[in-house]
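The block underneath contains the structure these notes are about, expressed in structure tokens.
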Amino acid sequence: MGHNRRRRPTGARRATFGAFALILGGGGLAAANVIASATETSNAAVPLGGSGIAATVDCPDLGERLTTLPDGARADVDTELARMDEQIATAYRGLQEAARTADDGTLDEAAVLGPLNEERAAGIERITAAMDAAGERPEGLEALARCTLLRTEVTPAASDGADGGRDAGQDGAGQGEGAPQEPGNGGQAGNGPVAADFADIMSVEPTVQAAPGEKASRGTFAGSCGVNAEGLYNSDNIIVAPGVGNGAHHFHDYIGNQANNAFAGDDDLAAAATSCADQGDKSSYYWPVLRLQDGTTEQDAASPGGGIEGNAGRIVTAKEVTLTFVGNERGKVTEMPRLLRIITGDAKAFVNGDTNANASWSCTGLEDRRLEDRYPLCPRGSDVVRTFTFQSCWDGRNTDSANHRTHVAFPGADGTCPDGFRPIPRLVQRIVYDVDAPSLADGGKTTPLFAVDSFPEQLHKPVTDHGDFINLFDEALMREVVDCINSGRTCGAGAPPAGEPGRGGDGGPKEQPTERPGTTPPPADGGKGGKDGKDGKDQGGDATAAPSDAASAPAEQDRGGGNRDGEATAPAGRDGAPGSPEAGPRAATTAPDASGDVGSAVATPEADRTAPGGVAAGTAPQAQGARGGLAETGAGLGLWPAAAGGLLFAAGCVLLIRTRRQAG
């Protein structure tokens with residue numbers, strides 16, 4: 001047998017080979033990471049599917065910028081804005097389909113957003129041309145053409161047992177330990193709601209109302225217009241998109257005026273029938289329907305605005321609707337003008353931020369506890385309540401405005417209206433539903449989830465809740481309303497009989513439920529009622545506390561002071577509390593500090609309406625966490641290969657130098 005004559009490496013040679021291996025491996029790892037990082041920053045591929053990441057379409061809202069419009073351009077601009085909403089809805093459906101069919105779990109962002117951005121740019125050109133022709137050329141609208149994808153992380157539901165029992169998670173144990181939700185944003189139609197959209201109402205601290213001033217107008221006028229038992233629904237919005245079918249992209253309940261659709265003119269509304277007990281009130285009251293995600297095939301399952309746009313499940317008819325007009329904290333109110341249009345809340349608050357949000361969710365018997373950005377988990381024997389408190393200061397001239405907001409305003413905490421505005425009766429609209437707290441542990445299989453209809457890209461977030469009102473009181477009845485309020489009386493077809501407690505204006509039934517939500521596990525986010533990530537945990541962090549731990553009352557913000565990152569400015573005040581005719585400073589609430597942790601209790605002289613609902617970071621799905629620092633976005637974790645590669649490269653160089661010196 002021959003001898004192996006190949007020389008075996010000496011120690012020096014082996015060290016040299018090792019040094020070169022470290023240098024080559026480390027350099028290659030660092031280079032590969034740099035290339036990968038460059039690809040990520042281009043946003044060419046968005047991880048979806050089984051990655052546990054979902055996304056929605058985020059576009060600047062042109063309507064918020066167009067605060068004034070020349071009369072000659074209004075119809076064209078309204079049509080273009082409605083067309084843009086349709087384009088966003090189409091892009092979102094394309095996003096969902098692309099995510100479902102992506103073989104490698106990635107998505108070509110340009111393929112989804114490129115056509116949308118081109119269409120929006122063309123629409124903005126048409127808006128600019130229409131306004132220019134009418135004598136008022138807008139500036140800077142071109143910058144609002146570009147839409148982006150809003151990444152939202154889907155947090156696993158709590159694993160407290162399929163029966164929805166909350167015992168296992170009472171102290172926060174077991175939360176987040178269950179199987180992840182299916183890809184997408186959850187819900188029957190794949191775009192919400194999710195477990196983190198719910199919170200135990202008992203986790204919210206009660207608020208205390210201050211008594212009105214001596215000069216307050218203390219009367220109430222209660223209307224009675226039914227609960228839409230006759231099933232008048234459509235997906236139009238006569239205020240925002242007149243003359244455009246499916247202008248809302250979600251279905252509305254209607255009570256009062258029975259001719260309300262996108263094509264009804266003022267004369268049509270005036271001549272229509274009304275569901276109100278007092279036939280002098282032909283006003284239109286409407287809001288997004290509430291649905292149970294129970295698999296029911298509704299009448300609109302294959303219709304635009306319905307199932308086609310993710311609004312699926314059984315439409316729930318309200319158990320009770322109360323319409324209460326109340327007064328002002330400083331003095332007398334004046335008559336509303338006929339055909340005054342008011343929108344309260346923001347149907348696009350999930351992507352717009354909470355500047356105009358005005359959602360309020362609670363439970364009967366517990367209506368001093370209110371949520372803005374969560375649906376309530378109510379105890380047994382208690383019903384879900386959603387309340388809309390409308391703006392009650394009017395500019396004295398206009399019945400509408402280009403953005404449907406600037407002709408009305410909220411008063412300050414003491415009832416003071418902005419300069420040039422006058423107080424009018426404040427509409428407080430309270431809607432009660434007999435629905436059970438859903439079973440979050442099994443995704444609503446035992447007891448179904450519920451959610452309001454929304455624009456498809458808004459993911460059925462509770463913060464998007466909103467109400468619409470068109471005043472069609474006849475003049476004599478409006479004078480009666482004002483006289484009743486200013487004289488301190490209780491009037492109207494919906495007023496309670498003498499000797500009975502008030503229903504619409506006093507927060508509803510006062511009997512206290514005897515049980516906490518016994519069939520509902522704690523939500524995946526710890527059941528907090530906080531918002532913008534300031535509910536006792538850092539933004540982007542994991543929620544581990546039980547709903548009853550360190551829960552704070554929802555913080556209030558000024559209408560212009562709350563932004564997507566939770567930065568709040570000094571409050572300017574709001575209308576009276578939902579469900580209450582008396583507004584005033586709020587009691588001390590637990591305020592978050594700058595770090596995102598719950599701080600000390602501070603007294604806030606804010607009005608008694610719930611704050612605009614922000615979207616809490618650190619719960620899922622959320623927009624804000626994806627826009628934070630490296631640790632929040634995951635980019636920091638993505639840098640470790642480059643760092644490791646650099647260390648290997650440096651170690652190789654050191655080893656090579658030492659080996660050369662020893663050899664010399």
Side-chain angles (χ1 to χ4, degrees), residues 56-70 73-74 76-89 91 116-117 119-121 123-128 130-131 136-148 150 237 239-242 244 247-250 341-359 372 390-391 395 398 400-410 418 454-455 457-458 461 463-468 532 557-569 572 574 611-615 623-624 627:
T56 191
V57 177
D58 182 2
C59 299
D61 190 349
L62 266 75
E64 292 299 306
R65 280 286 303 274
L66 298 173
T67 56
T68 59
L69 284 175
R74 183 179 294 270
D76 289 339
V77 172
D78 284 344
T79 299
E80 288 298 334
L81 293 177
R83 183 177 294 158
M84 287 183 179
D85 285 336
E86 174 61 35
Q87 293 162 357
I88 296 170
L116 172 62
N117 291 337
E119 290 172 337
R120 284 174 60 84
I124 288 174
E125 288 183 3
R126 290 190 291 269
I127 288 174
T128 301
M131 294 182 67
E136 186 178 323
R137 183 179 180 85
E139 299 294 336
L141 294 185
E142 297 80 5
L144 304 181
R146 186 175 180 274
C147 300
T148 59
L150 199 63
N237 193 327
I239 296 178
V240 175
V244 179
H249 296 272
H250 53 265
R341 287 158 162 81
I342 309 179
I343 299 174
T344 193
D346 185 358
K348 302 175 182 178
F350 181 59
V351 298
N352 279 354
D354 65 2
T355 299
N356 294 311
N358 187 16
E372 302 102 23
F390 285 74
Q391 296 90 317
D395 69 4
N398 302 295
D400 199 3
S401 50
N403 63 355
H404 315 293
R405 297 189 184 278
T406 52
H407 64 298
V408 288
F410 287 99
S454 74
F455 283 89
E457 76 282 358
Q458 302 298 316
K461 297 300 178 188
V463 72
T464 65
D465 204 13
H466 57 283
D468 300 74
D532 295 329
Q557 295 172 294
D558 181 78
R559 178 156 301 280
N563 63 19
R564 300 176 119 164
D565 297 321
E567 297 170 359
T569 59
R574 292 292 180 275
V615 182
Q624 288 74 17
R627 295 185 173 185

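Only a predicted model underlies this, so the values are computations on that prediction, with no experimental measurement involved.
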Do the side chains of [Y] and [X] get nearer than 4.5 Å, heavy atoms only?
| X | Y | value |
| --- | --- | --- |
| Ile88 | Arg120 | yes |
| Glu64 | Lys348 | no |
| Phe410 | Thr344 | yes |
| Asp346 | Arg405 | yes |
| Ile127 | Leu81 | yes |
| Val463 | Glu372 | no |
| Asp78 | Val244 | no |

Counting distance only, does the side-chain N/O of [X] pair as donor-acceptor with the main-chain N or O of [Y] below 3.5 Å?
| X | Y | value |
| --- | --- | --- |
| Asn403 | Thr406 | yes |
| Gln391 | Ile343 | yes |
| Gln87 | Leu116 | no |
| His404 | Gly63 | no |
| Asn398 | Ser401 | no |

**Complete:** By side chain to side chain contact (heavy atoms under 4.5 Å, CB included), Ala89 pairs with (sequence neighbours left out) Arg93, His249, Glu309, Pro456

Where do [X] and [Y] come nearest, in terms of heavy atoms and distance?
| X | Y | value |
| --- | --- | --- |
| Met131 | Pro70 | CE-CD, 4.0 Å |
| Cys147 | Asn117 | N-OD1, 2.7 Å |
| Ala130 | Ala73 | O-CB, 3.7 Å |
| Phe455 | Ala347 | CE1-CB, 3.7 Å |
| Asp465 | Ala359 | CB-CB, 4.0 Å |
| Ile342 | Ile239 | O-CD1, 4.3 Å |

Measuring from atom [atom1] of [X] to atom [atom2] of [Y], what distance do you get when rounded to the nearest 0.5 angstrom?
| X | Y | atom1 | atom2 | answer |
| --- | --- | --- | --- | --- |
| Glu457 | Asp85 | CD | CG | 7.5 Å |
| Gln458 | Asn352 | CD | CG | 6.5 Å |
| Leu62 | Leu144 | CG | CG | 5.0 Å |

**Asked** For His466, which residues count as a ring pair (Phe, Tyr, Trp, His ring centres under 6.0 Å) partner, sequence neighbours excluded?
**Response** His250

**Prompt:** Listed by chain and number, what are the side-chain hydrogen bond (donor to acceptor under 3.5 Å, both in side chains) partners of Arg65, not counting sequence neighbours?
**Reply:** none

**Prompt:** What do the steps show when you test Thr68 against Glu136 for side-chain hydrogen bond (donor to acceptor under 3.5 Å, both in side chains), and what is the final call?
**Reply:** CA-CA 9 Å; Thr68 59; Glu136 186 178 323; 3.2 Å; yes

**Message:** Evaluate Glu80 against Arg83 for salt bridge (Lys or Arg N to Asp or Glu O under 4.0 Å), listing each step before the verdict.
**Reply:** CA-CA 5 Å; Glu80 288 298 334; Arg83 183 177 294 158; 2.8 Å; yes

**Request:** Give the C-alpha distance, both sets of side-chain angles, the deciding distance and a yes or no for side-chain contact (heavy atoms from CB on, under 4.5 Å) between Met84 and Ile124.
**Result:** CA-CA 9 Å; Met84 287 183 179; Ile124 288 174; 3.7 Å; yes

